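Accompanying notes for the structure given below.
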Amino acid sequence: MAALGACGGGGADKGDAHGRGKGDGMGGGAYSKPHSDQVRGLYDAVRHLPRKTVKGTRAHMVKECDPATRKVKHTSRSGSGTRKKTRTWYTTEHYKQCHKVRKGSETYTRVVRTERWCVRLDDVNGKAAKDDLWFRVSPATYSEVRNKDVHARVKFDPRARGC
């Protein structure tokens with residue numbers, strides 16, 4: 001049992017003498033700090049970019065099937081030892097052979113830019129040199145920040161940097 005305890009095999013020791021956990025080396029211990037992408041700063045401006053689409057044309061493909069046949073070989077064996085006998089016969093199997101064929105063209109709507117909601121901040125994370133930085137945010141965060149006064153302190157989780 002002493003060998004198991006020395007190698008960490010004994011399951012009883014889950015912390016130190018003060019009741020603090022040791023952690024498992026995976027960042028989930030008592031001393032690990034949760035990572036947050038949250039930014040804070042002074043609200044400067046907002047921007048809403050609607051979804052941008054264009055009409056495009058492409059080939060209209062249609063599935064066409066033609067009847068086809070193939071020869072199928074069947075065998076049956078009977079007997080044992082040196083008296084084995086194999087009987088072979090063939091049948092014709094009917095199936096459909098399908099392929100895609102171009103039949104004219106079709107128009108479709110292609111999305112060039114997805115809808116975006118952006119907020120511009122000054123003094124990002126308390127650094128005066130970090131001004132006029134855009135962050136892409138959720139629609140809920142956008143409407144919440146938009147209702148505040150200019151240069152009000154705001155804090156949110158951005159979806160992405162830039163707009």
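Only a predicted model underlies this, so the values are computations on that prediction, with no experimental measurement involved.
Taking NE2 from H99 and CE from M61, the interatomic distance works out to 10.0 Å, rounded to the nearest 0.5 Å. A distance of 6.0 Å separates OG1 of T107 from NZ of K55, quoted to the nearest 0.5 Å. Atom-to-atom distance recorded for K52:NZ and R110:CZ is 10.5 Å, nearest 0.5 angstrom. Of the inter-residue distances, the one linking Y108 atom OH with T53 atom OG1 reads 11.5 Å to the nearest 0.5 angstrom.
Across D37 and P158, no two heavy atoms sit closer than the pair O-CD, 3.3 Å. Heavy atoms only, all atoms of each residue included: A59 and E106 are closest at O-OE2, 4.2 Å. Closest heavy-atom contact between T114 and V111: N-CG1, 4.2 Å. Annotation for F156 and V154: closest pair CE2-CG2, 4.1 Å, computed over non-hydrogen atoms.
Screening residues 68-90 for salt bridge (Lys or Arg N to Asp or Glu O under 4.0 Å) gives R70-E93 as the qualifying pairs, with residues at least two apart or on separate chains. Every pair tested for salt bridge (Lys or Arg N to Asp or Glu O under 4.0 Å) that includes a residue from residues 135-154 fails, sequence neighbours excluded, so the list is empty. Applying the salt bridge (Lys or Arg N to Asp or Glu O under 4.0 Å) test to residues at least two apart or on different chains, the pairs with a partner in residues 115-125 are D44-R120, R120-D132.
W134 does not carry R161 over the face of its six-membered ring by the limits of under 6.0 Å from the centre and within 45° of the normal.
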Open item on the list: W117 vs T141, test: side-chain contact (heavy atoms from CB on, under 4.5 Å). Steps then yes/no.
Closed with: CA-CA 9 Å; W117 295 269; T141 303; over 6 Å; no

Open item on the list: side-chain contact (heavy atoms from CB on, under 4.5 Å) for Y90 and H74? Distances and angles first, verdict last.
Closed with: CA-CA 6 Å; Y90 295 89; H74 304 277; 6.0 Å; no

Open item on the list: Would S76 and W89 count as a side-chain contact (heavy atoms from CB on, under 4.5 Å) here? Give the steps.
Closed with: CA-CA 9 Å; S76 83; W89 72 98; 4.0 Å; yes

TODO: Start with the C-alpha gap between V145 and V137, add the side-chain angles, then the distance that decides, and say whether side-chain contact (heavy atoms from CB on, under 4.5 Å) holds.
DONE: CA-CA 10 Å; V145 170; V137 295; over 6 Å; no

